[in-house]
Amino acid sequence: MNWLLVVAGAMAGAPLRYLTDRAVQARHDSVFPWGTFTVNVAGSLILGVLTTAAPSHLQLLLGTGLCGALTTYSTFSYETLVLAREGARGYAAANVVLSVVCGLGAAFAGVALGRGLWG
């Protein structure tokens, strides 16, 4: 029955990703993919919190399901390639560097937060 937790989380994560991406991107007059950046960093933070010591049912529901559907490496890759192809190489490089640095930073912060929550 664990797969039901994953499915339930993914059913929430996919539309949340789409809606968050659209809402964030609509607020920025830039070719930089702020929406994808936001969901990926947020997902990294959530996973950091959950993987510390959350109960396994929460890891399945929110970690594997929600965050698996919320975050998107494929869209990050595609948007970076489009930026580079369209001549926005600075934005492409910034997307790679910021996504990796901020994603890892959020994951480490999530681990620290998770330790505070679950000891």
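All of these numbers come straight from a predicted model, not from anything done at the bench.
Within the 4.5 Å cutoff, no side-chain heavy atoms of His57 are placed close to those of Leu60. In this structure, Asn40 and Ser99 have side chains that are not in contact, with every pair of non-hydrogen atoms separated by 4.5 Å or more. Side-chain contact between Tyr91 and Ser30: present, with at least one pair of heavy atoms (C-beta onward) separated by less than 4.5 Å. At least one side-chain heavy atom of Leu98 sits less than 4.5 Å from a side-chain heavy atom of Phe32. Using a 4.5 Å cut-off on side-chain heavy atoms (C-beta onward), Val49 and Leu117 make contact. Between Thr72 and Arg17, some side-chain heavy-atom pair lies under the 4.5 Å cut-off.
Tyr73 and Phe76 have tilted rings, their planes meeting at an angle from 30° to 60° on a 0 to 90° scale.
Here Leu62 contributes atom CG and Leu47 contributes atom CG; the two are 9.5 Å apart, rounded to the nearest 0.5 Å. Here the CG atom belonging to Leu61 is positioned 11.0 Å from the CG atom belonging to Asn2, to the nearest 0.5 angstrom. The distance from atom CD1 of Ile46 to atom CG of Leu70, rounded to the nearest 0.5 Å, is 6.0 Å. Note: Leu4 CG to Met11 CE = 10.5 Å, rounded to the nearest 0.5 Å. To the nearest 0.5 Å, atoms OG1 (Thr64) and CG (Leu5) are separated by 9.5 Å.
Here the closest heavy-atom approach between residue Ser44 and residue Gly103 is recorded as CB-O, 3.2 Å. When all heavy atoms are compared, the tightest approach of Gln25 to Trp34 is OE1-N, 2.9 Å. Nearest heavy atoms, Cys67 versus Gly63: CB-O, 3.1 Å. Minimum interatomic distance between Thr52 and Gly110 (heavy atoms only, all atoms of both residues): OG1-O, 4.1 Å. Shortest non-hydrogen contact noted between Ala69 and Ala14 is CB-N, 3.4 Å. Nearest heavy atom pair, residue Gln59 against residue Thr51, reads NE2-CA, 4.2 Å.
Hydrophobic cluster membership is shared by Leu113 and Leu58, with clusters built from Ile, Leu, Val, Met, Phe, Trp and Tyr side chains linked at under 4.5 angstrom. There is no path of hydrophobic side-chain contacts, each under 4.5 Å, that joins Val39 to Val24.
Between the side chain of Glu79 and the main chain of Thr36, no donor-acceptor pair closer than 3.5 Å is present.
Annotation for Tyr18: atom OH does not count as buried by contact number, only 12 or fewer foreign heavy atoms lying within 6.0 Å.
Val100 pairs by the side-chain contact (heavy atoms from CB on, under 4.5 Å) definition with Leu104, not counting sequence neighbours.
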